[in-house]
J.: 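There's a structure below that I have some questions on.
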Amino acid sequence: SAQAVGKREAGYRAADMVADGMVVGLGTGSTVFFAMERLAARIREGLVITGIPTSFQTAIRARGCGIPLATLNDYPVIDLAIDGADQVDPGFALIKGRGAAQTQEKCVAFAAKSLVIVADPSKLTRKLDAVVPIEVLSSAYVPVIRYLKTIGGVPVLREGIKKDGPVITDNGNMVIDCGFGTIGDPTALDIHLSSIPGVVTCGLFTTFADKTTVVVGDSNGCQVLSR
Ligand code: DER
């Protein structure tokens, strides 16, 4: 599909930004998968990197294609993180978490000197208005859901598809997908949601824009956007 071609273009372009010897944050999702595919090819040509995965899925895929892995505690400073997004606004504020990996993704983004977001054009939006995935302690999801309703949210506990009951994250928590309609002030909402007791990580990424580059791929190639 054109979207898959775009994701591949963006992923490959991001992978070509990686220099020898780098510690590389490996995000989660189908677009990053293309970046990993290109990194694996470059490793076979002699590139030496250390990958820091953001989910079990990414770690499994990285091992499968020969990308050497380590942990964030081994490498607390990451040279370049490559990740996807659900939505990107013109100021490079993001909604992430469709893959329920936003907790480790946010830690890797925080530790990275630069963040490369790879996306197809469908992710670009003037105003963030997608649901915000919120990782929440399973011991506190009911009061968190109640509170989200009082601040205008429409919270839904994420149910598994090939698993009965709620989705359980790689960190052993649950996920609430919360709609807020059009988000007027993403930074304020990020800070607000992140401060709720019981919330582990919300999927608004609003504090990394200055170190972010967005690579948008479509069937004609890709554009590299900087702020
Ligand atoms: O869950 C995530 O944060 C992923 O990065 C997601 O937002 C993007 O996944 P995709 O590249 O498969 O669209």
Side-chain angles (χ1 to χ4, degrees), residues 1-15 24-39 51-62 65 72 78 80-89 92-112 114-125 128-136 156 158 160-161 167-171 173-179 183 186 190 193-194 199-209 212-219 222 225:
S1 72
Q3 186 181 40
V5 169
K7 289 185 174 194
R8 186 177 180 278
E9 288 289 333
Y12 274 49
R13 182 71 180 76
V24 183
L26 302 173
T28 297
S30 61
T31 315
V32 170
F33 181 61
F34 287 112
M36 290 166 63
E37 198 174 67
R38 173 67 183 143
L39 283 173
I52 310 295
T54 55
S55 62
F56 292 142
Q57 181 189 59
T58 292
I60 291 164
R61 286 175 166 179
C65 63
L72 200 48
I78 287 173
L80 187 143
I82 302 173
D83 206 345
D86 300 335
Q87 280 192 326
V88 184
D89 82 358
F92 292 5
L94 313 172
I95 290 182
K96 288 176 56 53
R98 178 203 51 78
Q102 72 268 21
T103 290
Q104 293 184 50
E105 289 174 334
K106 210 166 195 178
C107 293
V108 163
F110 179 65
S114 71
L115 174 63
V116 178
I117 296 297
V118 288
D120 65 273
S122 72
K123 306 296 182 66
L124 304 182
T125 182
L128 298 180
D129 60 6
V131 297
V132 180
I134 300 169
E135 182 161 339
V136 64
V156 177
R158 191 182 294 186
I161 293 173
V167 163
I168 300 299
T169 69
D170 294 0
N171 315 301
N173 301 309
M174 294 179 178
V175 180
I176 296 167
D177 290 306
C178 197
I183 299 170
D190 181 3
L193 296 177
S194 302
V199 168
V200 177
T201 309
C202 84
L204 282 165
F205 285 37
T206 65
T207 58
F208 309 126
T212 297
T213 300
V214 176
V215 180
V216 185
D218 64 22
S219 48
C222 59
L225 311 174

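It should be emphasised that the depicted structure is a prediction, and the values quoted were computed from it without experimental measurement. First listed ligand is number 1; within each ligand, the first listed atom is number 1.
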J.: In terms of side-chain heavy atoms, does Asp170 have a donor or acceptor partner in Gln57 at a distance below 3.5 Å?
T.: no

J.: If we only count heavy atoms from C-beta on, is the Phe92 to Ile117 side-chain gap below 4.5 Å?
T.: no

J.: With a 4.0 angstrom cut-off on heavy atoms, strictly below it, pick out the residues next to ligand 1 and order them by chain and number.
T.: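 Under the 4.0 Å cut-off, ligand 1 touches Lys7, Thr28, Gly29, Ser30, Thr31, Asp83, Gly84, Ala85, Asp86, Lys96, Gly97, Arg98, Gly99, Glu105, Lys123.
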
J.: Looking at Phe34, I'd like to know if the NZ or CZ of Arg38 sits under 6.0 Å from its six-membered ring centre while staying within 45 degrees of the ring's axis.
T.: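 No; the conditions do not both hold, so Arg38 does not lie above the ring face of Phe34.
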
J.: What pair of heavy atoms forms the shortest contact from Val108 to Gly25, and how long is it?
T.: CG1-CA, 3.8 Å

J.: Can you tell which of Asp190, Asp129, Val132, Asp89 makes a side-chain contact (heavy atoms from CB on, under 4.5 Å) with Ile183?
T.: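 The single option meeting the side-chain contact (heavy atoms from CB on, under 4.5 Å) with Ile183 is Val132.
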
J.: After noting the C-alpha distance and the side-chain angles of Cys202 and Lys106, does the key distance pass the side-chain contact (heavy atoms from CB on, under 4.5 Å) rule?
T.: CA-CA 9 Å; Cys202 84; Lys106 210 166 195 178; 3.9 Å; yes

